[in-house]
Amino acid sequence: MINNYISYYPKFEHGLYTDLINLQNEWERGLEKLDPTTSQLFVYDGIVPYYTEQPFKILFIGKESLEVAGVNYVIDILKNCYNANRIGGKTLNAYRFHAIMCYVAYGINRNFSEYKDLPWAQEIGADFGNEGGISFAFMNISKFSNESGLWQADIPLIQKFLGLTKCLNTNYFEKEIELINPDLIIGMNLKSWYGCIGKINGPLKNFGGCVDYYQLHTQYNQYPLLDSWHFSAPKKRAEKDYYIPITSAVKYVFNI
């Protein structure tokens, strides 16, 4: 179980925060019963404070977290580190993965600003998760932290998490997404794994050779899903390979 971070959230998000934590507590306990060796690896995620106040409620989906076993990712890693402008020894501007999430979320929720007009990531991060600031939701395909010390994805560990989760009687991915209830899902080169979280239709359209538009159908609802390059992929350009194709896709999906 994770420590209680409810004080970070405005009162109108206390119920949603509690529901997300309770769901993940149940998920974690189920995995531990199947394999007790995983008990220290589970990483909690969900919504950053003031997520529900955003014009577009965005859920980012990544692969796995690195060396953060047992933390609350959206508070310990996202909110607190963004506010402090320091993640793993780097500034937010220098940490490509997180900087691109900031730029994309800011642009979409601030009238699709031109890339050249975006604030630096550290400016976006200064009031991230605060009233009036940018916020979003985040989850990983695997909630097991990669503690190997290597930056490459631990595919066997991801598959272990997915295999154990599949053995449970509940589709926890669908339940978590339903609670988060995003207007838009942005995934990071996860085509081979989306089937774990629901039924995928598409690609319905491609944008700049960089982003595919899908519809994700869960038991409860359907959501537009944009699959992009992974935000830490080498040799990809923040503006041309991420920002422009993603914002173009959002405008298309929402007829803006």
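The first residue in the sequence is number 1, and the count goes up from there.
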Flag yes if more than 12 heavy atoms outside Lys57 fall under 6.0 Å of its NZ atom; otherwise flag no. yes
Between Gln54 and Ser135, is any side-chain donor less than 3.5 angstrom from a side-chain acceptor? no
Kindly determine whether Ile177 and Leu59 satisfy side chain to side chain contact (heavy atoms under 4.5 Å, CB included), including the steps that lead there. CA-CA 8 Å; Ile177 291 172; Leu59 167 62; 4.1 Å; yes
Quick test of your reading of the model: are Lys205 and Asp212 salt-bridged, counting only N-O distances below 4.0 Å? no
Distance check, rounded to the nearest 0.5 Å: Thr18 atom OG1 versus His14 atom NE2? 7.5 Å
Going by side-chain contact (heavy atoms from CB on, under 4.5 Å), name the residues that satisfy it together with Leu162, two or more places apart in sequence or in a different chain. Ile141, Ile158, Gln159, Phe173, Trp193, Cys196
Would you call Thr218 and Asn171 a side-chain contact if the rule is heavy atoms closer than 4.5 Å? no
Out of curiosity, Met101 CE to Ile124 CD1, how far, rounded to the nearest 0.5 Å? 11.5 Å
Indicate whether any N or O donor in one side chain lies under 3.5 Å from an N or O acceptor in the other, for Asp227 and Tyr194. yes
Aromatic Tyr95 / basic Lys90 pairing, under 6.0 angstrom, 45° off normal: yes
Any donor-acceptor pair under 3.5 Å linking the side chain of Ser65 with the backbone of Val68? no
Within the side chain of Asn111, is there an N or O that forms a donor-acceptor pair under 3.5 Å with the backbone of Ser113? no
From SG (Cys102) to CZ (Phe97), nearest 0.5 Å: 10.5 Å
Say whether, by atom type as modelled, one donor and one acceptor occur between the side chain of Asn130 and the main chain of Gly133 under 3.5 angstrom. no
Judged by modelled atom types alone, do Asn25 and Tyr44 share a side-chain donor-acceptor pair under 3.5 Å? yes
Under the criterion salt bridge (charged side-chain N to carboxylate O under 4.0 Å, His left out), I'd like the reasoning laid out for Asp241 against Lys235: C-alpha separation, chi angles, the key distance, then a yes or no. CA-CA 10 Å; Asp241 295 320; Lys235 299 182 181 180; over 6 Å; no
How close do Gly209 and Asn206 get, heavy atom to heavy atom, and via which atoms? N-OD1, 2.8 Å
Under a single-linkage definition using a 4.5 Å side-chain heavy-atom cutoff for Ile, Leu, Val, Met, Phe, Trp and Tyr, are Ile244 and Tyr242 assigned to the same hydrophobic cluster? no
Are the side chain of Gln24 and the backbone of Asp45 linked by a donor-acceptor contact shorter than 3.5 Å? yes
Go through it in stages, so that I can follow the logic: the residues are Ile200 and Gln215, the test is side chain to side chain contact (heavy atoms under 4.5 Å, CB included), and I'd like the CA-CA distance, side-chain angles, deciding distance and then a yes or no. CA-CA 6 Å; Ile200 293 290; Gln215 280 287 334; over 6 Å; no
Would Tyr220 and Gln222 count as having a side-chain donor-acceptor pair, cut-off 3.5 Å? no
Lys33 atom NZ, over 12 foreign heavy atoms within 6.0 Å: no
For Glu239, I'd like to know if atom CD has over 12 heavy atoms of other residues, nucleotides or ligands within 6.0 Å. yes
Do Cys167 and Leu164 come within less than 4.5 Å of each other through their side chains, counting heavy atoms only? no
Pairwise side-chain contact, Tyr9 with Ile47, heavy-atom cut-off 4.5 Å (strictly under): yes
Can you name the closest pair of heavy atoms from Glu64 and Ala153 and give their distance? OE2-CA, 3.0 Å
Between Lys236 and Arg96, is there a side-chain heavy-atom distance shorter than 4.5 Å? yes
Distance (rounded to the nearest 0.5 Å) between Phe60 CZ and Ile100 CD1: 10.0 Å
For the residue pair Glu178 and Tyr223, confirm or rule out a side-chain donor-acceptor distance under 3.5 Å. yes
Describe, in one word, how the ring planes of Tyr103 and Tyr115 are oriented to each other, choosing from parallel (under 30°), tilted (30 to 60°) and perpendicular (over 60°). perpendicular
Please lay out, stage by stage, how Met139 and Glu176 fare under the test side chain to side chain contact (heavy atoms under 4.5 Å, CB included). CA-CA 9 Å; Met139 65 187 295; Glu176 183 172 4; 3.6 Å; yes
Side chain proximity check, Ile108 to Thr247, heavy atoms < 4.5 angstrom: yes
Where the side chain of Tyr51 meets the backbone of Ile180, is there a donor-acceptor pair that is under 3.5 Å apart? yes
Look up atom CG in Asn169 and atom OH in Tyr172, then write down how far apart they are to the nearest 0.5 Å. 8.0 Å
From CA spacing to verdict: side chain to side chain contact (heavy atoms under 4.5 Å, CB included), Lys160, Asp35: CA-CA 10 Å; Lys160 181 176 185 177; Asp35 186 346; 2.8 Å; yes
Kindly say whether the aromatic ring centers of Phe136 and Phe56 come within a distance under 6.0 Å. no
For a 4.5 angstrom cut-off between non-hydrogen side-chain atoms, does Leu31 reach Phe144? yes
Transitively linked via ILVMFWY side-chain contacts under 4.5 Å: Leu225 with Ile256? yes
Using only atom types and a distance under 3.5 Å, with no angle test, would you say the side chain of Asp154 pairs donor to acceptor with the backbone of Leu157? yes
Cation-pi check, Lys79 to Tyr82: give yes when NZ or CZ is under 6.0 Å from the six-membered ring centre and within 45° of the ring axis, no otherwise. no
Leu20 to Gly46 - nearest heavy-atom pair and separation: CD1-CA, 4.3 Å
Is Tyr50 reachable from Tyr17 through a run of I, L, V, M, F, W or Y residues, each pair having side-chain heavy atoms under 4.5 Å apart? no
Note, Tyr243 side chain near Arg237 side chain (heavy atom, < 4.5 Å): no
Check: Phe138 ring centre within less than 6.0 Å of Tyr73 ring centre: yes
What are the two closest non-hydrogen atoms of Pro55 and Asp183, and how far apart are they? O-OD2, 3.9 Å
Is it the case that more than 12 heavy atoms not belonging to Tyr252 sit under 6.0 Å from its OH atom? no
Look at the side chain of Asn189 and the backbone N and O of His230, then say whether any donor-acceptor pair between them is shorter than 3.5 Å. no
Would you say Glu32's side chain and Thr38's backbone share a donor-acceptor pair under 3.5 angstrom? no
Rounded to the nearest 0.5 Å, how far apart are CG of Asn221 and CG of Asn181? 6.5 Å
Can you see whether Asn140 engages Ser142 through a side-chain donor-acceptor pair at a distance of less than 3.5 angstrom? no
Taking every heavy atom of Ile75 against every heavy atom of Pro49, the minimum-distance pair comes out as CD1-CD, 3.7 Å
Parallel under 30°, tilted from 30 to 60°, perpendicular over 60°: which one fits the rings of Trp27 and Phe161? tilted
Check for a donor-acceptor pair, side chain of Asn83 on one end and backbone N or O of Phe128 on the other, with a separation under 3.5 Å. yes
When hydrophobic residues are tied together by side-chain contacts of less than 4.5 Å, even through go-betweens, does Leu23 share a cluster with Ile6? yes
If you take all heavy atoms of Val211 and Ala249, which pair is closest and at what distance? CG1-CB, 4.1 Å
Min side-chain heavy-atom separation Ile186-Phe231 under 4.5 Å: yes
Looking only at atom types and distance, does a side-chain atom of Glu174 sit under 3.5 Å from a main-chain N or O of Gln219, one as donor and one as acceptor? yes
